[in-house]
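For reference, the structure discussed in these notes is given below.
One is the number of the first residue; the rest follow in order along the sequence. Both ligands and their constituent atoms are indexed starting at 1 by order of listing.
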Amino acid sequence: MKLSVIVPCYNEEECIKAFYAAYKKAFSDTDYKRELIFVNDGSTDGTLSLLKKIYLKSEESINIISFSRNFGKEAAMYAGLKAAKGEYICFIDADLQQRPELIVKMVSLLEKHREYDCIATYSRSSKTQDKLTALFKSSFYKIMGKMSGMDFVDGASDFRCFRRNMADAILSVSEYHRFTKGLFAWVGFNTRYVPYEVASREGGSSKWTIGQLFSYSFNGIMAFSNKPLRWPLYFGLPVSVFGFLYLIFYLIFALSMNRDFSPIAVLLALLIFFSGAILTSIGILGEYVGKIHTQVKNRPIYIASEVYKTEDKAENTEIIEFQLEYEAQKEQRIKKKKEKFKEKRRKEKIKEEIELQKQQLEAAQLEEEKKRKKQQKKAKKSNEAEQEPVTVPEDEGYSAGPEAEFEDEE
Ligand code: UDP
Ligand code: MG
């Protein structure tokens, strides 16, 4: 089996038919063996009946897992993953917000690039979401990344296609409170993120309310970070030290000044000290609870992506040789690309320099031209001035002028 497509469905009677039609159309040009796994997550509408009809009518491989009640999308994805037999596995929603055609592209990307174990999508636009939800989601990914120390891509969705090795790794994590996006980040491997446009729902409405999103986020943080358990320690310890120092300073001050002890001041210092001490103890307890929490989740201690045993050397030789050859080719391709890029940059730089010199030359020529014209104008003016005859007006020059008249009056 080449591909397993897992579709969690909860009250999706308005979308199932359209989804199946789109799925069939998307794969019409491909001939690889595939299976479709519908997980009915305790729907209360006609979803299950519709799924059964498709199951009966269809000639292709279709599986239905129907839950006894609503266990949530995370449980549905886990059930689908457990049943999947494909070499590649894909999660997709039933509401057609994620287009099945993209699965074909993701599979071909995985086939072309052996270095990727998973092709995950992140939503490019949030047109279908209100601003508050979009803000809530992006803040959540930031907080989650900081608290867990793992990489969480903003807008990353469960719509992804991955190899069997990654599916096995996810299945080996059998904790009850699942947060699949976190698990994908936790198990490691090489994931490539591609953007996708979130379409509007085929029918029905989103199953998430702000309250549910909040609880989902809270679960995610709880499952991947023990940091909140340390907060009382971080807060309590300095408070306790402050209370202690306050008490000591107050006693030294009162004794050296020969003053009576104020019971209120002493009580306040003791109160601060003990409040801090209680918080510190809770923090220390939290450290232990955190360790128990990690142990109880029973996650594997490590996940190996490749293992080569001596006894399998004969079988592995061909694979390893192929991989090494592939790596060498890839390196060479990257090197060539880098050289090409460098050469392009060099040529661009030369072009820029030539352009700059051209501009400078033009500016200099313009300046020169301006100067020349100025000089010509000056020369013309002085020439004209030399040729002009000096004429003295008849009634001017030798008359006494107004000053003289004034003097005369005096
Ligand atoms: N879903 C599910 N169980 C639930 C809630 C949702 O299996 O309890 C399925 C739902 O049928 C859909 C997918 O999970 O196929 C995504 O749900 P939804 O569209 O409500 O989420 P959104 O796209 O708004 O994030
Ligand atoms: Mg949806």
Ligand-side contact atoms (ligand 1) for residue partner [X], heavy atom cut-off under 4.0 Å:
X	result
Q97	19 (O), 23 (O)
E12	10 (C), 11 (O), 12 (C), 15 (O)
P8	7 (O), 9 (C), 10 (C), 11 (O), 12 (C), 15 (O)

In the protein, which heavy atom is nearest to [atom], and how far is it?
atom	value
atom 19 (O) of ligand 1	D95 OD2, 2.7 Å
atom 16 (C) of ligand 1	D93 OD2, 3.2 Å
atom 6 (C) of ligand 1	K207 CG, 3.7 Å

So is there a nitrogen or oxygen of [X] less than 3.5 Å from a nitrogen or oxygen in ligand 1?
X	value
G72	no
A94	yes
Y10	yes

With [X], the side chain to side chain contact (heavy atoms under 4.5 Å, CB included) member among [options]:
X	options	result
N190	H113, R163, E115	E115
S66	L51, T47, N40, D41	N40
T121	Q98, R160, M106	M106

Would you tell me whether N226 and T294 have side-chain atoms, one donor and one acceptor, within less than 3.5 Å of each other? yes
Heavy-atom distance under 4.5 Å between the side chains of E74 and Y216, does that happen here? yes
With heavy atoms under 4.0 Å as the rule, classify the contact between D41 and ligand 1 as side chain, backbone, both or neither. side chain
Contact partition for S206 relative to ligand 1, non-hydrogen atoms under 4.0 Å: both
Short N-O contact, K371 and E368, less than 4.0 angstrom: no
Using a strict 4.0 Å threshold on nitrogen-to-oxygen distance, state whether E12 and R201 make a salt bridge. yes
Which residue from L96, V39, N70 reaches closest to atom 8 (O) of ligand 1 through any of its heavy atoms? N70
Candidate pair R345 and E348, rule salt bridge (charged side-chain N to carboxylate O under 4.0 Å, His left out), full reasoning: CA-CA 5 Å; R345 272 302 302 149; E348 275 174 5; 2.8 Å; yes
Please determine if the Mg ion (ligand 2) has an N/O/S atom from D93 lying under 2.8 Å away. no
N/O/S atom of Q97 inside 2.8 Å of the Mg ion (ligand 2), strictly under: yes
